[in-house]
Amino acid sequence: MASDLFSQANEDFEKARSRGRIQSVLSSLSWKNSDLLSFYAVTELIKPRNETYLGMRTIPVSQIIGSEGRYQDFSLAFYPKKELLRARWRSIDWATKEYIILPPISVYKLGKWYFVRDGNHRVSVAKTQGVEFIDAEVVELDSQIPLEAGMTMKQLRKRVIEYERQRFLDQYQPTYLPMDDIVFTSPGSYPEMVNHILVHKYYLNEGKEEELSFQEGATSWLKNVYEPIIEEIRRSKLLSSFPGNTEADLYMWIVRHWDNLKHMSGSEEVSIESATSDYKIRYGKGKWERWLRRVRYFFSKK
């Protein structure tokens, strides 16, 4: 009897791996991602603020979409991808067939979705066997950015950018800024732009009795900081060397590069013209590289 269960567990693992391979092939053919989401990559983007221990819960297996540390070992549907998982996976499959009670898994909860902290093999076996619910110790993290099953990191980055932009629009009502032209494609850029405005406003306020408003600081920043850099970007035709990006992206990168050059040289005399020229030489792409970059970005599944 034990040998029969052992053989069955081996067969179950082979079936699960086969399903994982099929899923990977089908995903590649349709240019979709077949990997689990990485918990750390996701939280680095959405930056949850609070953590709440919810204790023991029974959670839907279908709502487990990622892993803290084993996201490269299992497919998006939690099928095993590597031979080295066989022994552990097989022992859990065998235990469930013997009705042995296994300890609960441990998960993080983001919205209605879960990321495995401990118990990846148990989740994989449960998914393969068609189990709908599993016991779990749950820690919930807050998030204003909704996740979805099957979401790629590329899609999540886009959602984070949209959230940050909308938050900026709602908070500051910036009708005094040309927001149709100020568009970023990297997470964190809108908050960083706010910081640029606040620093600029701080220097404007020096020596003045009355505090300038955010609008006054932003209007001055636009005229004296942002627009001169954009003019230099256009003059040097820099945007053509960075396909898929915007003038606002280049503004942000050049400001960072400008600060680095001043820090390295130990001088505040570095001009924006020289910073822009140096950035283009260091990081700009040639015609062939630009074409390859467009293709890689279009077909990127990450």
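The first residue of the sequence shown is numbered 1, and numbering continues consecutively from there.
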Novice: Pair Met252, His196 - check side-chain contact (heavy atoms from CB on, under 4.5 Å), show working.
Specialist: CA-CA 10 Å; Met252 194 65 70; His196 287 194; 3.4 Å; yes
Novice: Could you check whether Glu232 pairs with Arg235 (Lys NZ or Arg NE/NH1/NH2 to Asp/Glu carboxylate O, under 4.0 Å)?
Specialist: yes
Novice: Verify the neighbour count for atom CZ of Arg256: are there more than 12 heavy atoms of other residues, nucleotides or ligands below 6.0 Å?
Specialist: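 More than 12 within 6.0 Å, yes.
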Novice: With a 3.5 Å distance limit and no angle check, can you tell me whether Lys15 reaches the backbone of Arg17 through a side-chain donor-acceptor pair?
Specialist: no
Novice: As a quick check of understanding, evaluate side-chain contact (heavy atoms from CB on, under 4.5 Å) for Ile46 and Tyr163, giving each step before the final call.
Specialist: CA-CA 10 Å; Ile46 66 176; Tyr163 169 80; over 6 Å; no
Novice: Measuring from Leu238:CG to Ile233:CD1, what's the distance to the nearest 0.5 Å?
Specialist: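 So the CG of Leu238 and the CD1 of Ile233 are separated by 6.0 Å.
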Novice: Indicate the atoms forming the closest heavy-atom contact of Thr152 with Gln155, along with that distance.
Specialist: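 Closest approach of Thr152 to Gln155, heavy atoms only: N-OE1, 2.9 Å.
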Novice: Do the side chain of Thr96 and the main chain of Asp93 share a donor and acceptor less than 3.5 angstrom apart?
Specialist: yes
Novice: Please step through side-chain contact (heavy atoms from CB on, under 4.5 Å) for the pair Phe115 and Thr43, ending with a clear verdict.
Specialist: CA-CA 11 Å; Phe115 292 75; Thr43 53; over 6 Å; no
Novice: Set out, in order, the CA-CA distance, both residues' side-chain angles and the distance that settles side-chain contact (heavy atoms from CB on, under 4.5 Å) for Val116 and Phe78, then state yes or no.
Specialist: CA-CA 11 Å; Val116 180; Phe78 253 101; 3.8 Å; yes
Novice: Given 3.5 Å as the limit, does a donor-acceptor pair link the side chain of Tyr190 with the main chain of Phe184, or not?
Specialist: yes
Novice: Judged by modelled atom types alone, do Asn120 and Glu68 share a side-chain donor-acceptor pair under 3.5 Å?
Specialist: no
Novice: So, for Pro174 and Met179, which heavy atoms are closest and what is the spacing to 0.1 Å?
Specialist: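 Closest approach of Pro174 to Met179, heavy atoms only: CG-CG, 3.8 Å.
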Novice: In Å, rounded to the nearest 0.5 Å, how long is the span from CG of Leu250 to OG1 of Thr276?
Specialist: 9.0 Å
Novice: In terms of ring plane angle, is the pair Phe39 and Tyr108 parallel, tilted or perpendicular, where the classes change at 30° and 60°?
Specialist: parallel
Novice: Can we say Arg86 and Glu83 salt-bridge, meaning some charged N sits less than 4.0 Å from an Asp/Glu carboxylate O?
Specialist: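 Counted as a salt bridge, because a side-chain N and a carboxylate O are separated by less than 4.0 Å.
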Novice: So, Asp142 side chain and Asn50 main chain: donor-acceptor pair closer than 3.5 Å or not?
Specialist: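 Judged by distance alone, yes, a pair lies under 3.5 Å.
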Novice: So, Arg234 and Glu247, do they make that salt bridge, N to O below 4.0 Å?
Specialist: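 Yes.
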Novice: May I ask you to test the Arg57-Lys109 pair for a side-chain heavy-atom distance under 4.5 Å?
Specialist: no
Novice: Side-chain donor-acceptor pair under 3.5 Å between His200 and Tyr226, yes or no?
Specialist: no
Novice: Using the ring of each side chain (for Trp, its six-membered ring), is Trp89 parallel, tilted or perpendicular to Phe13, with breaks at 30° and 60°?
Specialist: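 Ring orientation, 0 to 90° scale: perpendicular.
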Novice: Sub-3.5 Å donor-acceptor pair from the side chain of Asp249 to the main-chain atoms of Thr185, do we have one?
Specialist: yes
Novice: Can you hop from Leu177 to Leu198 via hydrophobic side chains spaced under 4.5 Å?
Specialist: yes
Novice: To the nearest 0.5 Å, tell me how far Phe74 CZ sits from Lys82 NZ.
Specialist: 9.5 Å
